[in-house]
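Nothing here was measured: the structure is a model prediction, and the numbers come from that model.
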Amino acid sequence: RPVFEPTSFDTFSLPTKLDKLAEMVYNSHKALVTTPGFRWTFEQRGIAECIERSMLGWADGWMVIPFFDDQHGVIGAYARAGEGVQRVTGQRFTHPQGQNNLMYAPDWALLRDTGKPLAIVFGLIDALVVSRLRPAFLPLFLGQLVNVQAVPVRAVRDAYHGAAYVYAE
């Protein structure tokens, strides 16, 4: 049975102003690539090879996952608590307060190739893991429970102009 997990901004928060958020994204990425000990969480989750391509970062015990537009400009971010932070605070995810729901695309080039089918997965970490296989895909997550039958495959297919498939866990 799914459990609703409200987002808290009490223990760690991402900046709400886009310029400050972009600065934090770049600084957390630099911290991750220059401090090898921070990689273990990414290695455990099978996404270490995504660090450079997706510009993942590490800040105060949190994995920072930036959202980019198709020109590679930062448009938002999500943070996933590391194991220790989650154990102490009970918090798993956070995002900039007031951030709208955004489409996460680990690799925009794959989305431009409409000759490949589009895979739709559920979750950011799932999206990063699947991105290693190099298919085009989009994650559906954003802290909301998703009814697989209600996923707007036709709308996604119309926007993508190719075949779209939904993969539940």
Side-chain angles (χ1 to χ4, degrees), residues 5-83 85-86 89 91-114 116 118-144 146 152 155-156 159-160:
E5 296 179 38
T7 299
S8 168
F9 303 101
D10 298 336
T11 58
F12 176 81
S13 62
L14 294 167
T16 57
K17 293 189 177 181
L18 205 50
D19 60 334
K20 297 292 184 194
L21 182 61
E23 183 180 329
M24 195 245 195
V25 161
Y26 294 114
N27 288 339
S28 68
H29 177 69
K30 183 178 178 183
L32 178 58
V33 298
T34 60
T35 312
F38 291 159
R39 294 177 58 93
W40 70 271
T41 298
F42 298 84
E43 291 166 357
Q44 283 185 323
R45 293 187 168 272
I47 58 173
E49 71 184 64
C50 302
I51 291 171
E52 287 297 332
R53 183 178 61 244
S54 299
M55 231 175 116
L56 304 175
W58 185 259
D60 298 328
W62 292 79
M63 292 187 291
V64 177
I65 304 169
F67 286 58
F68 296 100
D69 60 19
D70 60 347
Q71 302 300 312
H72 208 67
V74 174
I75 58 170
Y78 227 70
R80 171 63 164 97
E83 206 173 289
V85 169
Q86 184 176 339
T89 67
Q91 190 177 357
R92 288 182 43 190
F93 294 98
T94 191
H95 55 82
Q97 196 164 8
Q99 174 176 280
N100 291 326
N101 289 344
L102 299 170
M103 182 179 77
Y104 181 66
D107 191 334
W108 279 95
L110 292 173
L111 286 175
R112 289 187 189 105
D113 182 1
T114 58
K116 290 183 176 182
L118 175 68
I120 302 171
V121 299
F122 293 81
L124 283 176
I125 303 298
D126 294 344
L128 289 164
V129 169
V130 173
S131 77
R132 298 177 321 152
L133 304 174
R134 310 307 290 150
F137 68 92
L138 295 171
L140 296 174
F141 72 102
L142 299 174
Q144 298 177 15
V146 178
V156 170
Y160 177 68

Asks: Name the one of Thr89, Val85, Asp60 that satisfies side-chain contact (heavy atoms from CB on, under 4.5 Å) with Phe12?
Replies: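 Only match with Phe12 under side-chain contact (heavy atoms from CB on, under 4.5 Å): Asp60.
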Asks: Do you know the tightest heavy-atom contact between Gln99 and Gly76?
Replies: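 Between these two residues, the closest heavy atoms are OE1-CA, 3.2 Å.
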Asks: Which distance, rounded to the nearest 0.5 Å, do you find between the CE of Met63 and the CH2 of Trp58?
Replies: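 Going from CE on Met63 over to CH2 on Trp58, the span is 7.0 Å.
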Asks: If the condition is salt bridge (Lys or Arg N to Asp or Glu O under 4.0 Å), which residues does Glu23 pass it with, not counting sequence neighbours?
Replies: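 Not a single residue meets the salt bridge (Lys or Arg N to Asp or Glu O under 4.0 Å) criterion with Glu23.
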Asks: Looking at every heavy atom in both Gln97 and Thr16, which two are closest together, and how far apart are they?
Replies: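 Distance-wise, the nearest heavy atoms are O-CG2, 3.4 Å.
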Asks: Just verifying a value: how many Å separate Phe93 CZ and Ile125 CD1, rounded to the nearest 0.5 Å?
Replies: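 It is 6.5 Å, given to the nearest 0.5 Å.
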Asks: Any donor-acceptor pair under 3.5 Å linking the side chain of His29 with the backbone of Leu56?
Replies: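 Judged by distance alone, yes, a pair lies under 3.5 Å.
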Asks: State, to 0.1 Å, how close Tyr26 and Val74 come at their nearest heavy-atom pair, and which atoms those are.
Replies: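 Where Tyr26 meets Val74 most closely, the heavy atoms are OH-CG2, 3.9 Å.
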Asks: Quick one: NE2 on His95 to CD1 on Ile65, what's the gap to the nearest 0.5 Å?
Replies: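 The CD1 atom of Ile65 is 13.0 Å from NE2 of His95, to the nearest 0.5 Å.
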Asks: Say you draw a straight line from CD of Gln86 to CZ of Arg80; how long is it, rounded to the nearest 0.5 Å?
Replies: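 Nearest 0.5 Å value for the CD-CZ distance: 4.5 Å.
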Asks: Would you confirm whether Ser54, through its side chain, and Ile51, through its main-chain N or O, come within 3.5 Å as a donor-acceptor pair?
Replies: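 Absent.
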Asks: As an exercise, state the distance from OG1 of Thr41 to CH2 of Trp62, rounded to the nearest 0.5 Å.
Replies: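 These two atoms lie 12.5 Å from each other.
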Asks: Indicate the atoms forming the closest heavy-atom contact of Val129 with Gly46, along with that distance.
Replies: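 For Val129 versus Gly46, the nearest heavy atoms are CG2-O, 4.4 Å.
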Asks: Supply the atom-to-atom distance Tyr78 OH to Tyr104 OH, rounded to the nearest 0.5 angstrom.
Replies: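 Between Tyr78 OH and Tyr104 OH, I get 13.0 Å after rounding to 0.5 Å.
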Asks: Identify the heavy atoms of Thr94 and Leu14 that sit nearest to each other, and give their distance.
Replies: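 Nearest heavy atoms, Thr94 then Leu14: O-CD1, 4.1 Å.
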Asks: Is any side-chain heavy atom of Phe42 closer than 4.5 Å to a side-chain heavy atom of Leu32?
Replies: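 Sidechains of Leu32 and Phe42: in contact.
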